[in-house]
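Note that these values count all heavy atoms, side chains included, but never hydrogens, waters or copies made by symmetry. We count ligands from 1, going down the list as the structure has it; atoms in each ligand are counted the same way.
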Amino acid sequence: MHGDRIVQVWFGSHREPFKTPRTRQAMGLEGLILLSVHRTGKHIVCELGPASGSPPDAQWIVHLGMTGRLLVTTPEAPVAPHTHARLNLASGRELRFVDPRRFGRLEFRDLGRGAAFAASGAEPLTIAPEQFAALFRGRKLPIKAALLNQALLSGVGNIYADESLFHAGIRPRRNSGRLTRAELERLRQALCQVLDHAILLGGSSVSDYVDANGVRGFFQLEHCVYLRTGLPCRQCKTPIRRILLAGRCTHYCPNCQR
Ligand SMILES: [Zn+2]
């Protein structure tokens, strides 16, 4: 779905699911590219932009409510009762929002005019070490994906995740539930350093971060791994590697991170 363009939007006639008026929502969505999709609790947030690789400039937020579901299917697939939205994608797939009880909500946010969807996770700068470790206990997903999960920790963007994993010496693909207490504590401290530093530099990143006012930060001179694919590691000179993980570009040093 990542990189797919929304070519056409159909909305049903029930008014309840549309937090943003139907016509404005349809006009906003059509033509945009799905850059990434993440889930935070009962919300699915689709980051949208004019071209793949561009920073997001809009979000389509699906509040699932009690019975809402977002389906990826094809236009030919039978349309279930209580389908309120169908988004045709350039790849030939179709996204559908189905919600029998209509407590779910669909919202379009233009990030040039308003704030990005606020996450509900813990605040990384103030969370206690024990609570931080507890966030990852029993989780099977890669640590990088867990860090980006806004329902767990809020405000950890792609760059912060890569940089803090580098400083903690942890490979992004490691199973988060298997990290030792010592590794998690290194990670928590690294995250605090990276976030503190970013705040000092007046924002954050190159491509994937927009602050609450819709202002993009600048923070690229001192990255250790982010967007440094093939360049020598600042600590050991091993070329930095880039992989795709949870739909996001992920950068790490294969020697310093284990
Ligand atoms: Zn290295």
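- With salt bridges taken as basic N to acidic carboxylate O contacts below 4.0 Å, none links E183 and R181.
- Annotation: side chain to side chain donor-acceptor pair (under 3.5 Å) contacts involving residues 79-93, sequence neighbours excluded, comprise D4-S91, R86-E94, N88-E94, S91-R93.
- Between F166 and Y252, a ring centre-to-centre spacing not shorter than 6.0 Å is recorded.
- Checked for salt-bridge contact, R113 and D110 meet the test: a charged N lies under 4.0 Å from a carboxylate O.
- Side-chain contact of E30 with Q8: a donor-acceptor pair under 3.5 Å is absent, judged by distance alone.
- Distances from the Zn ion (ligand 1) under 2.8 Å pick out these protein N/O/S atoms: C233 SG, C236 SG, C253 SG, C256 SG.
- Note on R105 versus E16: no salt bridge recorded, every NZ/NE/NH1/NH2 to OD/OE distance being 4.0 Å or above.
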